[in-house]
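Letters A, B, ... are given to chains in the order of the sequence lines, protein chains preceding strands, and every chain is numbered from 1.
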Amino acid sequence: MKLEREDFDLTCIEMAKFLLGKFLVRKLEDGTILKGKIVETESYLGRLDKASHSYGGRKTPRNEPMYMSVGTAYVYMTYGIYHCFNISSKEPGAAVLIRAVEPTEGLNHMHKLRLKAMKSRNLSKIFKDSELCNGPSKLCMSLNIHKEICNKLNLLDNDILWLENPSENLDFDIVPAKRIGIDSAGEEWAMKPLRFYIFGNTFVSKRDLEAEKSIKLPK
DNA sequence: TTTTAGATCGTCT
DNA sequence: GACGATCTAAAAT
């Protein structure tokens, strides 16, 4: 079942946790459905957050979706080659980065897309299922999420990219961990536990063993 | 297994 | 002109 607007009026940190276990669905132009469970997210809080594109209240053409209505996709290019996919939250300038997804439908197609997006010509490379979407740019490759089509889409509003509730209630523990790849923002903000992932899930991009020590172990 | 270098260009200063 | 909310392949340990 698709997520409704009233499910979704969440602050950045609330949303980062809320999205874990939800399904991300991408419908391609030919009608192919690609689907996966969100297993890892990161909060970018906005004007106070030194690691956020909207730090200090910066507003540019690129980060405009961070200021748009809740559920707006913010897709940007990084390192000249890759994309990252975020979902805007309630507060102006804040968004949740989707860092990892556990693929559940359309795996063959994801494999093709992932291979196609790679610059290397090793066309016979076989990805493990766990390598398709275990990183913010990898999942953009595998789900064909890029700026031209997906940026500024509202996930509550369209038939290209949306979110669904799981069919049954999932039970899992959430690990709050430090974010990744933002050291240049300074130690204070780099250390904050604004990354969240499903404890024990093998599709996560990177575990934080220190952070996991504080999680109660499953019975 | 962990570390390092290089790719590559849109965006912002 | 400098720099990434990254990833891969190759080198080092």
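Across all strands shown, C/dA5 remains unpaired; no Watson-Crick or G-U wobble contact has both distances below 3.5 Å. Look at B/dT8: it lacks any Watson-Crick or wobble partner with both distances under 3.5 angstrom.
Ring-plane geometry between A/His53 and A/Tyr76 is classed as perpendicular, the angle between the planes exceeding 60 degrees on a 0 to 90 degree scale with a lower cut at 30.
Between A/Arg99 atom CZ and C/dC7 atom P there is a gap of 7 Å when expressed in whole angstrom units. As rounded to whole Å, 10 Å separates atom C1' of B/dG6 from atom OH of A/Tyr82. The distance from atom CD1 of A/Ile98 to atom C1' of C/dA5 is 12 Å, rounded to the nearest whole Å. C/dC7 atom P lies 14 Å from atom CE of A/Met77, rounded to whole Å. Spacing between atom OH of A/Tyr74 and atom P of B/dT11 amounts to 9 Å, rounded to whole angstrom units. The interatomic distance linking A/Lys206 (NZ) with C/dC7 (P) rounds to 12 Å, in whole Å. Straight-line distance from the OH atom of A/Tyr197 to the P atom of C/dA5: 22 Å, rounded to whole Å. In this entry the distance linking CD of A/Glu64 with P of B/dT11 reads 12 Å, nearest Å.
One finds no salt bridge joining A/Glu131 and A/Arg114 here, because no Lys/Arg side-chain nitrogen approaches an Asp/Glu carboxylate oxygen to under 4.0 Å. The pair A/Glu164-A/Lys35 meets the salt-bridge criterion, since a charged nitrogen lies less than 4.0 angstrom from a carboxylate oxygen.
Distances shorter than 4.0 Å separate none of the side-chain N or O atoms of A/Arg62 from OP1 or OP2 on B/dC9. Note on A/Lys138: a side-chain N or O is less than 4.0 Å away from OP1 or OP2 of C/dT8. One finds no side-chain N or O of A/Ser52 lying less than 4.0 angstrom from the OP1 or OP2 phosphate oxygen of C/dA5.
Residue whose closest nucleotide on DNA chain B sits further toward the 5' end, between A/Lys147 and A/Ile81: A/Ile81. Remark on DNA chain C: of its neighbouring residues A/Glu42 and A/Glu131, the 5'-side contact belongs to A/Glu42, judged by nearest-heavy-atom nucleotide.
Closest to the side chain of A/Tyr76, from the set C/dA9, C/dG4, C/dA5, is C/dA5. The nucleotide whose nearest atom lies closest to any side-chain atom of A/Tyr79 is, among C/dC7, B/dG10, C/dG4, C/dG4.
Residue contacts shown for A/Arg58 are limited to sugar-phosphate atoms, with no base heavy atom under 4.0 Å away. Residue A/Arg195 is out of contact with every strand shown, counting any heavy-atom pair closer than 4.0 Å.
Counting only N and O atoms by type, the side chains of A/Thr104 and A/Glu102 include no donor and acceptor under 3.5 Å apart.
Side-chain atoms of A/Ser88 do not come within 3.5 Å of backbone N or O of A/Ala95 as any donor-acceptor pair.
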